[in-house]
Amino acid sequence: MVTMIERARQADTDRRVGRRRDVEYVLAMAAHFTHADRVLLEYLYRDGHSAVDYARLTRRSVRSVQRRVKALLQRIYSPEFRWLVVHGQTLPAPLRPVARRLILEGRALRETARLTGRSLHTVRQQRLELAVLLKTHASAKSTARAPLGSAESQFFSTS
């Protein structure tokens with residue numbers, strides 16, 4: 001018979017394992033972010049520092065750091081982000097740089113246009129094309145928990 005203490009220990013172990021998996025996932029997905037965002041997540045999740053520590057170090061408010069982390073985590077767990085990491089190589093070549101900058105890196109339209117050497121109008125059109133592609137693939141639900149170490153996830157490497 002399992003005692004209450006053994007159940008509590010098992011629950012604690014399960015929580016720690018789940019937390020470790022979440023942290024590993026966040027750090028793996030942070031590889032697709034800009035350098036500044038990647039450094040922030042690594043400082044907090046890999047190195048174990050707090051938002052307060054990061055805010056002091058960068059001379060920003062704690063609230064602004066917390067908002068940024070929340071936005072980054074929402075992007076990481078979005079279905080669009082996940083789909084692009086796993087299936088990005090299936091995109092037409094002209095859409096890949098726009099998808100990377102808009103969805104993976106979270107850049108603005110104007111910044112994406114400047115970085116890709118395209119007009120703002122072209123970037124807007126390609127964003128709409130991406131939305132249509134993502135919508136057509138959303139019903140498949142094949143990306144629920146695809147392996148992160150697969151070749152597809154290496155498509156949008158940060159180098």
For a 4.5 angstrom cut-off between non-hydrogen side-chain atoms, does [X] reach [Y]?
X: L91; Y: L130; answer: yes
X: L133; Y: L95; answer: yes
X: Y45; Y: L73; answer: yes
X: R118; Y: P97; answer: yes

Quick check: are there more than 12 heavy atoms from other residues, nucleotides or ligands sitting under 6.0 Å from CZ of R60? yes
ILVMFWY cluster, [X] and [Y] together (side-chain gap under 4.5 Å):
X: V85; Y: Y25; value: yes
X: F33; Y: V69; value: yes
X: L27; Y: L40; value: yes
X: L72; Y: V52; value: no

Counting N and O atoms only, with roles assigned by atom type, does the side chain of R75 sit under 3.5 Å from a partner on the main chain of L104, one being a donor and the other an acceptor? yes
Check for a donor-acceptor pair, side chain of R107 on one end and backbone N or O of T112 on the other, with a separation under 3.5 Å. no
So F81 and H32, would you call those rings parallel, tilted or perpendicular, with 30° and 60° as cut-offs?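 Rings of F81 and H32: perpendicular, as their planes differ by over 60°.
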Take L41 and I76 through the side chain to side chain contact (heavy atoms under 4.5 Å, CB included) test and state the conclusion after the steps. CA-CA 11 Å; L41 290 178; I76 284 174; 4.0 Å; yes
At what distance, to the nearest 0.5 angstrom, does [atom1] of [X] lie from [atom2] of [Y]?
X: R114; Y: R101; atom1: CZ; atom2: CZ; value: 10.0 Å
X: R56; Y: S50; atom1: CZ; atom2: OG; value: 7.0 Å
X: H35; Y: D37; atom1: NE2; atom2: CG; value: 10.5 Å
X: R127; Y: L102; atom1: CZ; atom2: CG; value: 7.5 Å
X: E80; Y: K135; atom1: CD; atom2: NZ; value: 12.0 Å
X: L115; Y: R110; atom1: CG; atom2: CZ; value: 14.0 Å

Nearest non-hydrogen partners of [X] and [Y], listed with the distance:
X: V123; Y: A113; answer: CG2-CA, 3.6 Å
X: Y77; Y: D22; answer: OH-O, 4.1 Å
X: A51; Y: Q66; answer: CB-CG, 4.0 Å
X: R96; Y: Q89; answer: NH2-O, 2.8 Å

Starting from the C-alpha separation in whole Å, work towards a yes-or-no answer on side chain to side chain contact (heavy atoms under 4.5 Å, CB included) for L134 and I103. CA-CA 11 Å; L134 291 170; I103 296 173; 3.8 Å; yes
Would you kindly check if the NZ (Lys) or CZ (Arg) of R68 is within the cone defined by 45 degrees around the ring axis of Y54 and under 6.0 Å from the six-membered ring centre?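 No, cation not above the ring by the 6.0 Å, 45° rule.
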List the steps, then state whether side chain to side chain contact (heavy atoms under 4.5 Å, CB included) holds for Y43 with L57. CA-CA 11 Å; Y43 187 79; L57 186 68; 4.1 Å; yes
